[in-house]
Chemist: 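First the structure, which I've put down as structure tokens, then a few questions once you've had a look.
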Amino acid sequence: MDIRLAQRIAQLPPYLFAEIDRAKKEVRARGVDLIDLGIGDPDTPTFPHIVRKMQEAAENPAYHRYPSYEGLPAFRQSVARWYRSRFGVALDPDTEVVSLIGSKEGIAHISLAFTDPGDVNLVPSPGYPVYNIGTLFAGGTPYFLPLTRESGFLPDLDAIPNDVAKRAKLLFLNYPNNPTAAVAGREFYERVVAFARRHNVIVCHDAAYSEIYFGGPPMSFLEVDGAKDVGIEFHSLSKTYNMTGWRIGFAVGNAGVIGGLGKIKTNVDSGLFEAIQIAGIEALEGDQAPQAALREMYRARRDVLIGGLRSAGFDVVAPEATFYVWIPVPAPHTSSAFAKLLLEKVGVVATPGNGFGEAGEGYVRMTLCLPEGRLQEAVERIRGAKLF
Ligand SMILES: *Cc1c(COP(=O)(O)O)cnc(C)c1O
């Protein structure tokens, strides 16, 4: 039989990490002690009080049946209370909140609800790859918004041609940002709301890193006047509470947009295991002290990595949020050539920036998801190798 993939798979952009994955295997096979700063996945466990709540909930037969696709009322109410206390944003838990099987699930599905073939989605570059892939799966056309250091890694909305803006359905944004670690403020979000109004574009703001910060707490897009008229915000418990393996997130905001996403979900999945939602309530509203400790842990790691990279001659900005460091590659290297050099010369894995989109060329991304001692070891190796 001739097994042929659908066009939507065949058209996917080339997987740009294949080369580095292959090189990683090769170097590891040589017995090199690799320091993998490529992985954006917390290395410390879910907080114990959340795990205990899950153990208890898993024993309750009430939670063993099909969940509702939109989430337990108690979970959605908890999300609404958390939004009010954290951001001062009021949400109707019945119509303005939907649970997600990790925020990636919602980000991947939202285009199916709103983007028709021929429509355009506005997608940041570099960016989390799912905005682009979800657009392509829906038959839409991505229009990439370059994020540059000069503009603080915020997209220039005025540079979007009128005919593109006219065809645009969704505008994806993500602050604090993966991979650049940039943070956005009120003034930018106000411009976003005005742009969305003017062109009738739905804003999808991904706030997965809102709780991983080292300065003041980042704001929600929904704090800005009129934001709820034009968009939604995606949230995740993954990075905030070390829960990447659990698959729990949510989307909040405009009821029409949340309802559209819900329409896809009722037809594709049957929601999120209710015991996980009970644990999610514990995460959002239980003891928050471990979270403050988590931030301090990342801050200490950041200081080690940034200090070390600077003393090795890198021109690198210390992130105010996220667990990423976005490093300009020394000339004349490309992103992938420099990632390869790091790997082969010092056994340090960094992700080439162009893997997050063309505008990521000229950078590599390192993560803070390894203990301080390993980061120290990485910077010592880099300093010792005189890479440039
Ligand atoms: C990690 C991440 C997510 C997704 O997390 P889930 O585990 O699916 O909730 C979403 N957006 C960005 C930018 C991320 O880095």
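Start at 1 and go down the list; that is how both ligands and their atoms are numbered.
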Chemist: Just so I know, are the side chains of Tyr69 and Val268 near enough to count as touching, which here means a heavy-atom distance under 4.5 Å?
Modeler: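 Result no, sub-4.5 Å side-chain heavy-atom pair not found.
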
Chemist: For atom 2 (C) of ligand 1, what's the nearest protein heavy-atom neighbour? Residue, atom name and distance, please.
Modeler: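 Atom 2 (C) of ligand 1 sits closest to the protein heavy atom Lys239 NZ, 2.6 Å.
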
Chemist: Quick check: Thr244 and ligand 1, any N/O pair under 3.5 Å apart?
Modeler: no

Chemist: Taking 4.0 angstrom as the limit and counting only heavy atoms of Asn174, give me the atoms of ligand 1 inside it, by number and element.
Modeler: 13 (C)

Chemist: Looking only at distance, does Ser103 have an N or O less than 3.5 Å from an N or O of ligand 1?
Modeler: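 In this structure, Ser103 places an N or O atom under 3.5 Å from an N or O of ligand 1.
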
Chemist: Report yes if the side chains of Pro126 and Pro179 come closer than 4.5 Å at any heavy-atom pair, otherwise no.
Modeler: yes

Chemist: Which of the numbered atoms in ligand 1 are under 4.0 angstrom from any heavy atom belonging to Arg247?
Modeler: 6 (P), 7 (O), 8 (O)

Chemist: So, does Ser236 sit close enough to ligand 1 that a heavy atom of it is under 4.0 Å from the ligand?
Modeler: yes

Chemist: Out of all atoms in ligand 1, which are within 4.0 Å of some heavy atom of Gly102? Include the element for each.
Modeler: 8 (O), 9 (O)

Chemist: Nearest to atom 15 (O) of ligand 1 by heavy atom, Tyr128, Tyr175, Tyr209: which?
Modeler: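 It is Tyr209 that holds the nearest heavy atom.
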
Chemist: Will you find, in the side chains of Tyr324 and Tyr209, an N or O donor that is under 3.5 Å from an N or O acceptor?
Modeler: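 A pair is found: one side chain offers a donor N or O, the other an acceptor, under 3.5 Å apart.
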
Chemist: Under 6.0 Å between the ring centres of Tyr241 and Trp246?
Modeler: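 They do not qualify: ring centres at least 6.0 Å apart.
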
Chemist: Which atoms of ligand 1 are found less than 4.0 Å from any heavy atom of Ser238?
Modeler: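 Selected atoms, number and element: 6 (P), 7 (O), 9 (O).
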
Chemist: Once you measure the plane-to-plane angle for Phe250 and His235, does it fall in the parallel (<30°), tilted (30-60°) or perpendicular (>60°) bin?
Modeler: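 Rings of Phe250 and His235: parallel, as their planes differ by under 30°.
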
Chemist: With a cut-off of 6.0 Å (strictly less than), are more than 12 heavy atoms of other residues, nucleotides or ligands near CG of Asp43?
Modeler: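 Yes.
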
Chemist: If a pair satisfies salt bridge (charged side-chain N to carboxylate O under 4.0 Å, His left out) and one of its residues is in residues 142-166, list it, with sequence neighbours excluded.
Modeler: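 Applying salt bridge (charged side-chain N to carboxylate O under 4.0 Å, His left out) to every pair that reaches into residues 142-166, excluding sequence neighbours, yields Arg149-Asp315.
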
Chemist: Give the atoms of ligand 1, by number and element, whose distance to some non-hydrogen atom of Asp206 is under 4.0 Å.
Modeler: 10 (C), 11 (N), 12 (C), 13 (C)

